[in-house]
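What's counted below: heavy atoms across the whole structure, side chains too, no hydrogens, waters or symmetry copies.
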Amino acid sequence: MKRTVTSKIILEDIEQLAKSLKTYHKFFSGKTFLLSGAGGFLGKYIVLLLKHLNEKVLTEPLKAILLDNFITGYEQEIVSDGSIKFIRHNVIQPFETSEPIDYIIHAAGIASPAYYTKFPIETMDVGTVGTRHMLELARKKEVKSFIFMSSSEVYGDPDPKHVPTKEEYRGNVSVLGARACYDESKRFGETMCEAYWNVYGVPAKMVRPFNVYGPGIRPDDYRVLPNFIEHALRKEPLPIHGDGRNTRSFCYINDQIEGIFRVLFCDTNGEPFNIGNPDPEISVKDLAKKVVQNMPFKVDIVNIDPPHEVYANSDPKRRCPDISKVAKLTGFKPKYDLDTGLKRTIEWFSER
């Protein structure tokens, strides 16, 4: 398939990511990976990493099967070559292949509130029916490891006593709330992963990302950071929903992808793993100020009424991970502080 020119910033990230995973190169060599959601934000980085490893690192190339139906992904940015094969497929339908598969990363999903409120049925289907089909495929292929890309949204709006939030926290989630189609499908997806591990021995792990950002994220994603950057580069006021006191902890995409593969290749199964960067936990208002400080021209900040219920009462007040579990079991440690990641993200947006 046609491939667009990849930015300098993203190429630097992929090279650094390959170096950060050096001790795991042996797990990639000669193996076959299946990635759903290959056209998404995380999927694109994973695909570029696999391609880079084949071209620059591995003596025995890996193979990869890429799946996406592009409900929110960028079709034109999918890589496909002799070793990496793209197949247009919606995972709510069973997927069959005669190829052996060693590793599955089920990253298909609709993660932006702006899109999952537009596609609530599709959001529920990909998190539940799609996850069941991918787990069935993992069982049939007897994979070495399976990753389900869950979400920190499984915690809902956590009690302040449970922030930073550990994996054991059961969550404060409304089954009928504005975010429920996403939250509940991720929670049930995790339940299926644990059941497939307990019943069939499928080596499934659940990864819970916390507010991932970075180059390659859709400018029209409408989540807070790309929304701020897009407005700033257009010299428009940065819109803060409400008073801006809600807090988040942001994780640069390189750290997130490294964490995913560290979990994929670990021996602990049937369990969830927080992946994020707990430092700093920053208010939306202070985040807006950081974006303004990184602009070469003056930009204002304005407070507006939330445009949708998903950004109003159902918006979690705090979101910050406890990453001690993944750090202890895999050695994961974030490398990119917010200032560094923010500058790289703004540079990528400016490149466009």
Side-chain angles (χ1 to χ4, degrees), residues 1 3 10 14 17 32-51 64-80 84-95 97 101 103-116 118-138 143 145-154 181-182 185-186 188-190 192-193 204-209 211-218 220-221 223 226 251 253 256-261 263-264 275:
M1 295 186 67
R3 179 191 175 197
I10 292 179
I14 298 303
L17 190 52
T32 299
F33 293 76
L34 184 140
L35 170 66
S36 70
F41 175 40
L42 298 180
K44 178 183 176 182
Y45 260 61
I46 293 172
V47 172
L48 291 175
L49 171 65
L50 298 179
K51 185 174 177 63
I65 300 169
L66 314 177
L67 307 180
D68 208 305
N69 69 332
F70 302 112
I71 190 170
T72 59
Y74 284 151
E75 181 173 2
Q76 68 273 24
E77 295 188 358
I78 287 287
V79 172
S80 194
I84 299 177
K85 180 182 180 181
F86 168 74
I87 301 172
R88 181 186 289 272
H89 182 77
N90 187 337
V91 294
I92 68 169
Q93 302 297 328
F95 178 74
T97 178
I101 299 174
Y103 298 101
I104 293 178
I105 301 175
H106 177 37
I110 303 175
S112 168
Y115 288 98
Y116 64 65
K118 182 179 180 181
F119 302 109
I121 305 300
E122 292 86 346
T123 298
M124 291 186 289
D125 282 347
V126 70
T128 55
V129 179
T131 302
R132 175 71 182 271
H133 288 323
M134 289 293 102
L135 284 165
E136 275 295 311
L137 183 63
V143 300
S145 188
F146 176 100
I147 286 281
F148 171 54
M149 292 300 301
S150 184
S151 172
S152 59
E153 289 279 353
V154 300
C181 64
Y182 183 72
S185 65
K186 290 298 187 183
F188 185 54
E190 288 198 19
M192 283 193 288
C193 287
K205 293 96 165 161
M206 301 80 92
V207 165
R208 296 171 177 171
N211 293 90
V212 188
Y213 72 99
I217 196 168
R218 284 186 68 137
D220 58 353
D221 181 88
R223 278 177 283 189
C251 181
I253 187 168
Q256 183 67 215
I257 301 299
E258 179 182 340
I260 290 169
F261 279 102
V263 170
L264 180 69
I275 298 181

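A donor-acceptor contact shorter than 3.5 Å is absent between the side chain of D125 and the backbone of I92. A donor-acceptor pair under 3.5 Å is formed between the side chain of Q256 and the backbone N or O of I275. At least one donor-acceptor pair under 3.5 Å links the side chain of K186 to the backbone N or O of M149. In this structure, the side chain of S145 engages the main chain of L264 through a donor-acceptor pair within 3.5 Å.
When side chains are defined from C-beta on, V47 counts as touching L35, because their heavy atoms get closer than 4.5 Å. A 4.5 Å side-chain heavy-atom check between Y213 and P226 finds every atom pair outside the cut-off. In this structure the side chain of T131 reaches within 4.5 angstrom of the side chain of F148, judged on heavy atoms. At a threshold of 4.5 Å between non-hydrogen side-chain atoms, the residues F95 and I65 count as touching.
Residues G39 and F70 approach most closely at CA-CE2, 4.3 Å, considering heavy atoms. V143 and I101 make their closest contact through CG1-O, 3.5 Å (heavy atoms, listed as atom of the first residue, atom of the second, distance). Residues V207 and P209 approach most closely at O-CD, 3.2 Å, considering heavy atoms. Residue P215 comes nearest to I253 through the heavy atom pair CD-CG2, 4.3 Å, listed as atom of the first residue, atom of the second, then distance.
Note: F33 and F261 have perpendicular aromatic rings, judged against thresholds of 30 and 60 degrees for the angle between ring planes. Between Y45 and F41, the ring planes lie perpendicular to each other; the angle is over 60°, past the 30° to 60° tilted range.
Remark: L17 pairs with L21, L49, N254, I257, E258 by the side-chain contact (heavy atoms from CB on, under 4.5 Å) rule, at least two apart or across chains. In this view, A108 and S36, V91, H106, V126 satisfy the side-chain contact (heavy atoms from CB on, under 4.5 Å) rule, not counting sequence neighbours. With sequence neighbours left out, Q93 forms a side-chain contact (heavy atoms from CB on, under 4.5 Å) with H89.
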>> Please determine whether side chain to side chain contact (heavy atoms under 4.5 Å, CB included) holds for the pair V212 and L42, giving the CA-CA distance in whole Å, both sets of side-chain angles, and the decisive distance to 0.1 Å.
In response: CA-CA 9 Å; V212 188; L42 298 180; 3.9 Å; yes

> Should R208 and E190 be marked as a salt bridge (Lys or Arg N to Asp or Glu O under 4.0 Å) after you check the CA-CA gap, both sets of side-chain angles, and the distance that decides it?
Replying inline: CA-CA 10 Å; R208 296 171 177 171; E190 288 198 19; 2.7 Å; yes

